[in-house]
Amino acid sequence: MALLKRLVLKPTTIARCLGVKPEFSWCRGAGVAALPTRSGTGENHLSFRFRHVRSLHSEAVHGESVEVDLNRLDGEDTGIVEVQMCREKARNSLGRVFVAQMRELVANLHHDTAVRVVVFRSMVPGVFCAGADLKERAQMSNPEAEHFVHGLRSLMNEIAALPMPTIAAVDGFALGGGLELALACDLRTAAHTVQMGLIETTRGLLPGAGGSQRLPRAVGFSVAKELIFTGRRVGGEQAQQLGLVNRAVEQNLSGEAAHREALNLAREILPQAPVAVRMAKEAMNRGIEVDIASGMAIEAMCYARVIPTQDRQEGMKAFIEKRKPKYIGK
């Protein structure tokens with residue numbers, strides 16, 4: 001993967017700091033992000049703290065534009081990485097180039113021990129991911145379409161298999177494959193204004209990238225059947241009530257409330273022992289698929305892998321010394 005590092009001030013940052021909804025999307029480059037924080041006096045005016053961000057992306061091949069980018073946060077947020085979806089003209093629909101670039105980034109993340117939390121977000125206003133690229137899909141033969149969906153299902157499995165916690169920040173429409181992408185993440189935040197749904201039955205299809213399996217595990221069997229049979233869309237508040245998302249928040253002027261809430265959630269995970277968090281994820285993900293006795297055995301194996309870590313010793317020492325632990329991920 002080619003690396004590109006540039007220092008600029010993002011135009012979206014300027015717009016959002018001024019409380020103005022940006023009329024453009026940004027996916028490349030690196031810069032300084034200004035985050036509004038309340039003053040220590042409790043007054044209503046805003047001050048700003050700055051964090052450096054670095055962006056990595058695959059070099060465009062044969063004139064292809066960058067449709068999925070990687071943004072590594074620095075400073076206090078070091079360890080948080082954002083997967084930025086920026087296929088603006090097609091509303092982040094799941095086309096060949098988009099899927100290929102997403103697959104490459106996810107494959108690189110899988111073995112990156114410096115990453116503690118991954119946030120999937122859209123850089124396109126009003127949409128998380130619109131699902132399948134139906135215009136592109138219409139040009140495929142039946143075997144080609146079947147092969148493509150198989151690859152899409154594989155990509156969602158790869159996202160679900162990432163060893164670190166993943167969060168989908170849903171600030172806009174998440175329909176069909178877009179919701180399946182969010183379901184492949186461990187946690188989800190959503191703005192109240194969003195629309196989410198597995199709408200494939202309204203198009204003569206059924207969810208083919210994991211939705212028929214992950215939705216019942218998220219909201220329960222009966223509710224999932226109702227949502228899939230009817231192709232119904234739900235808003236952010238109802239999604240939270242159903243257990244489809246972990247947190248739902250009022251949308252803000254810049255249209256990124258779910259992203260900010262996802263960062264808040266990521267920052268709660270960030271101080272915890274990385275190896276312990278990864279092993280907890282593995283124990284839960286593998287244990288949910290088997291009977292309770294087998295699940296207990298999986299938990300024991302994961303626990304055994306934490307025992308010899310330096311972080312476990314640091315956790316015990318910090319507790320005794322009544323201070324915050326400093327975990328290094330070893």
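Sequential numbering from 1 along the given sequence is applied to the chain's residues. When reading the values below, keep in mind they use all heavy atoms of this one structure, side chains included, and skip hydrogens, waters and symmetry mates.
Around CG of N142, the count of heavy atoms belonging to other residues, nucleotides or ligands within 6.0 Å does not exceed 12. Annotation for E146: atom CD does not count as buried by contact number, only 12 or fewer foreign heavy atoms lying within 6.0 Å. Under a cut-off of 6.0 angstrom, the local environment of CD in E299 is sparse, with at most 12 non-hydrogen atoms contributed by other residues, nucleotides or ligands. More than 12 non-hydrogen atoms from other residues, nucleotides or ligands lie less than 6.0 angstrom from NE2 of H110. Residue I288 places its CD1 atom among 12 or fewer non-hydrogen atoms of other residues, nucleotides or ligands, all under 6.0 Å distant.
Counting heavy atoms from C-beta on, the side chains of V277 and M164 never come closer than 4.5 Å. At a threshold of 4.5 Å between non-hydrogen side-chain atoms, the residues E250 and H192 count as touching.
Considering R260, H259, Q251 in turn, Q251 is the only one that fulfils the side-chain hydrogen bond (donor to acceptor under 3.5 Å, both in side chains) rule with D171. For the side chain to side chain contact (heavy atoms under 4.5 Å, CB included) criterion with F120, the lone passing option out of V83, V170, I167 is V83. Checked options V97, L94, L181, L152; the residue passing with M102 is L181 (criterion: side chain to side chain contact (heavy atoms under 4.5 Å, CB included)).
Grouping Ile, Leu, Val, Met, Phe, Trp and Tyr residues whose side-chain heavy atoms lie under 4.5 Å apart, directly or via other members, places V290 in a hydrophobic cluster with I298, M301. Grouping Ile, Leu, Val, Met, Phe, Trp and Tyr residues whose side-chain heavy atoms lie under 4.5 Å apart, directly or via other members, places M296 in a hydrophobic cluster with I292.
The stretch residues 303-316 participates, sequence neighbours left out, in these salt bridge (Lys or Arg N to Asp or Glu O under 4.0 Å) pairs: E282-R305, E314-R323.
The pair E256-R121 counts as a salt bridge, with a side-chain nitrogen and a carboxylate oxygen less than 4.0 angstrom apart.
With hydrogens and angles ignored, the 3.5 Å screen pairs a side-chain donor or acceptor of E136 with a backbone N or O of R96.
The salt bridge (Lys or Arg N to Asp or Glu O under 4.0 Å) check on R232 picks up E226, with sequence neighbours excluded. Every side chain to side chain donor-acceptor pair (under 3.5 Å) that N157 has, sequence neighbours left out, goes to R214. Annotation: side chain to side chain donor-acceptor pair (under 3.5 Å) contacts of Q241 (sequence neighbours excluded): none.
Contact between E67 and F98 at its shortest, heavy atoms only, is OE1-N, 3.0 Å.
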